[in-house]
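Everything below concerns the one structure shown next.
Atoms within a ligand are numbered from 1 in the order they appear, just like the ligands themselves. Numbers here simply count residues along the sequence, with the first being 1.
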Amino acid sequence: MKNKFSKILLIVCFVSVLLTACSNQEKSKAVDGEVDTKEKTETTTEETEAASNIITDVQERQTFALNTFITVKLFEAPQFSDEDWQRTFEILADIENRMSAHIDTSEISEINKNAGVQPVKVSDDVFNIIKQAKDVAAETNGAFDPTIGALTKLWQIGTDNQHVPSQAEIDQALKKVDYNKLILNEKSYEVFLEEEGMAIDLGGIAKGYSADQVFIYLKSKGVQRAILDFGGNISLIGSKAEDKPWRVGVREPNRAEFKVYASIFASDESFVSSGDYERYFEEDGKLYHHIINPFTGYPTDNGIRGASVVLDSSMQADAYATALIVMGKEKAIDFIQNKGLEAILVYSDMTSFNTFADDRDFKLEK
Ligand code: AMP
Ligand code: MG
């Protein structure tokens, strides 16, 4: 039994780690329109062979969306057709086309272009994700702020233009980050950014939202066992086997190499991680990563390097994981405890804090 669990651990972690490893090249690959699937194909084969000892029917497909590699793996779902796969990826493309701040024709871009000018009517789901993002902003006292766009547009982390902005630019952008000035009209589904220059960026929550949408779709098609890996954010349908959870790995927050830091049991839920190792650049010998402190305008630098949260809602876990990185140790621990979250924080010195229940069987992997 132990061997089987170890195998599954390796499977989940390896895929998760490998896919996260790609994130720094994601942008350029997206621009090229080409995704190098070589590494992933190798993983697939290895995984299929390993999994075949336990589950014989495995289908796996990959795509690149929301600026990340996405792998969907179904176990014992022979009814799931090519059309169903197509629909799965359409769901992702549709979310990206409507919610990306980087796509000029998206609903989010429309809101941003009309900042300080007029409210914009949006579709139900865009409205709802913005509403949820604003709610998390309020819950986290602005550590998570969907109006971070003015700052992320400046830093441009993950693009060819990433650079350290001037202090004057940061000071200016800081005035444009405030979720209280994100006005939602629940009757008309209109969204308004009160000041010109404000911008919504849903990068900290959209992957989780889309994982939830794919999760719902797969379940509606009768899928009972699946692993959804959205660039290291894992959503699990069902369990590894009857009464046997999956074992999911937490990546060590380490930019140089890909190691598993710890692992837990999980089933039918989402396990979402954020970290300063995911997207970053170096300038004048200093590293700058993609999670921005909305109060300073700079990438966070507070001793927390990785945070993972387990919840049913991948969207919520996604937003919380990003927020925890911003909060700093004391506030993050308070938040986790007050909310009763199951979460782990991994610190710069590679020690950690976690609140996983005993039956998670939390294990440090080093
Ligand atoms: P994640 O990988 O989920 O932690 O999200 C990181 C992404 O969220 C970044 O690439 C930005 O698009 C966005 N982001 C950065 N800082 C924040 C913040 N403080 N609040 C909300 N979103 C943020
Ligand atoms: Mg997030």
Side-chain angles (χ1 to χ4, degrees), residues 16 19-20 22-24 26-27 66-69 96 99-103 106 108 112 129-130 132-159 162 170 173-174 176-179 182 198-212 230-235 251 253 270-281 288-302 304-311 313-328 331-332 335 343 345-346:
S16 156
L19 294 179
T20 311
C22 301
S23 61
N24 262 322
E26 284 168 2
K27 191 74 185 177
L66 299 147
N67 215 13
T68 202
F69 287 110
E96 179 163 24
M99 302 194 189
S100 170
H102 305 292
I103 296 178
S106 74
I108 297 301
N112 293 346
I129 186 174
I130 295 174
Q132 305 259 10
K134 187 177 172 181
D135 288 349
V136 174
E139 273 180 281
T140 62
N141 290 318
F144 179 90
D145 193 325
T147 68
I148 198 78
L151 282 164
T152 51
K153 269 199 297 193
L154 260 190
W155 285 90
Q156 300 193 54
I157 295 173
T159 76
Q162 54 197 1
I170 287 180
L174 276 172
K176 306 291 179 185
V177 177
D178 183 355
Y179 64 92
L182 164 61
M198 288 183 74
I200 294 177
D201 173 352
L202 298 177
I205 191 170
K207 268 192 283 177
Y209 173 78
S210 50
D212 287 338
F230 284 41
N233 287 0
I234 308 290
S235 289
R251 185 183 152 179
S270 194
F271 183 80
V272 179
S273 302
S274 274
D276 69 359
Y277 49 84
E278 284 177 344
R279 240 180 267 275
Y280 58 90
F281 70 97
Y288 299 91
H289 65 87
H290 69 314
I291 300 172
I292 309 290
N293 182 329
F295 306 102
T296 65
Y298 284 84
T300 62
D301 184 15
N302 56 23
I304 300 185
R305 299 213 36 209
S308 306
V309 179
V310 194
L311 280 174
S313 160
S314 187
M315 173 174 68
Q316 189 129 32
D318 193 356
Y320 282 168
T322 306
L324 289 172
I325 298 274
V326 176
M327 285 177 190
K331 283 190 185 151
F335 187 81
L345 305 173
V346 186

> If you leave out waters, which protein N, O or S atoms are less than 2.8 Å from the Mg ion (ligand 2)?
Replying inline: G204 O, D318 O, D318 OD1, T322 OG1

> Can you list the ligand 1 atoms lying under 4.0 Å from a non-hydrogen atom of D201?
Replying inline: 11 (C), 12 (O)

>> With respect to T152, determine whether any N or O atom, backbone or side chain, lies less than 3.5 Å from an N or O atom of ligand 1.
In response: no

> Say you draw a straight line from OH of Y277 to CZ of R305; how long is it, rounded to the nearest 0.5 Å?
Replying inline: 9.0 Å

>> In the structure I gave you, are the side-chain heavy atoms of L151 and K176 within less than 4.5 Å of one another anywhere?
In response: no

>> For the 3.5 Å polar cut-off, considering only N or O atoms, please tell me whether A143 and ligand 1 meet it.
In response: yes

>> Among I148, D318, D145, T140, which one puts a heavy atom closest to atom 20 (N) of ligand 1?
In response: D145

>> Would you call the rings of W155 and F281 parallel, tilted or perpendicular, taking 30° and 60° as the class edges?
In response: tilted

> Relative to the heavy atoms of P294, which atoms of ligand 1 are at a distance of less than 4.0 Å?
Replying inline: 19 (N)

>> For atom 16 (N) of ligand 1, which of the options V177, I292, V136 provides the nearest non-hydrogen atom?
In response: I292

> Can you check whether P146 reaches L202 side chain to side chain, under 4.5 Å on heavy atoms?
Replying inline: yes

>> Strictly below 4.0 Å, N to O, side chains only: are K207 and D318 in salt-bridge contact?
In response: no

>> For D301, is the CG atom crowded, meaning more than 12 foreign heavy atoms sit under 6.0 Å from it?
In response: no

> G204 to ligand 1: N or O pair under 3.5 Å?
Replying inline: yes

> For atom 9 (C) of ligand 1, what's the nearest protein heavy atom and its distance?
Replying inline: H290 O, 3.5 Å

> Looking only at heavy atoms of A321, does any of them come nearer than 4.0 Å to an atom of ligand 1?
Replying inline: no

>> So, using side-chain contact (heavy atoms from CB on, under 4.5 Å) as the criterion, who are the partners of A211 when residues are at least two apart?
In response: F230, S235, S314

>> Restricting to side chain to side chain donor-acceptor pair (under 3.5 Å), what partner residues turn up for S100, sequence neighbours left out?
In response: none

> For residues 319-328, which residue pairs qualify under side-chain hydrogen bond (donor to acceptor under 3.5 Å, both in side chains), counting only residues two or more places apart or in two chains?
Replying inline: E139-Y320, S274-T322, Q316-Y320

> Hey, is E278 touching ligand 1 through its side chain, its backbone, both or neither, going by heavy atoms under 4.0 Å?
Replying inline: side chain

>> Looking only at distances, can you tell me whether any N or O atom of I291, backbone or side chain, sits closer than 3.5 Å to an N or O atom of ligand 1?
In response: no

>> Within ligand 1, which atoms have a heavy atom of V326 less than 4.0 Å away?
In response: 19 (N)

>> Using side chain to side chain contact (heavy atoms under 4.5 Å, CB included), reason through I200 and I130 one step at a time and then give a plain yes or no.
In response: CA-CA 9 Å; I200 294 177; I130 295 174; 4.0 Å; yes

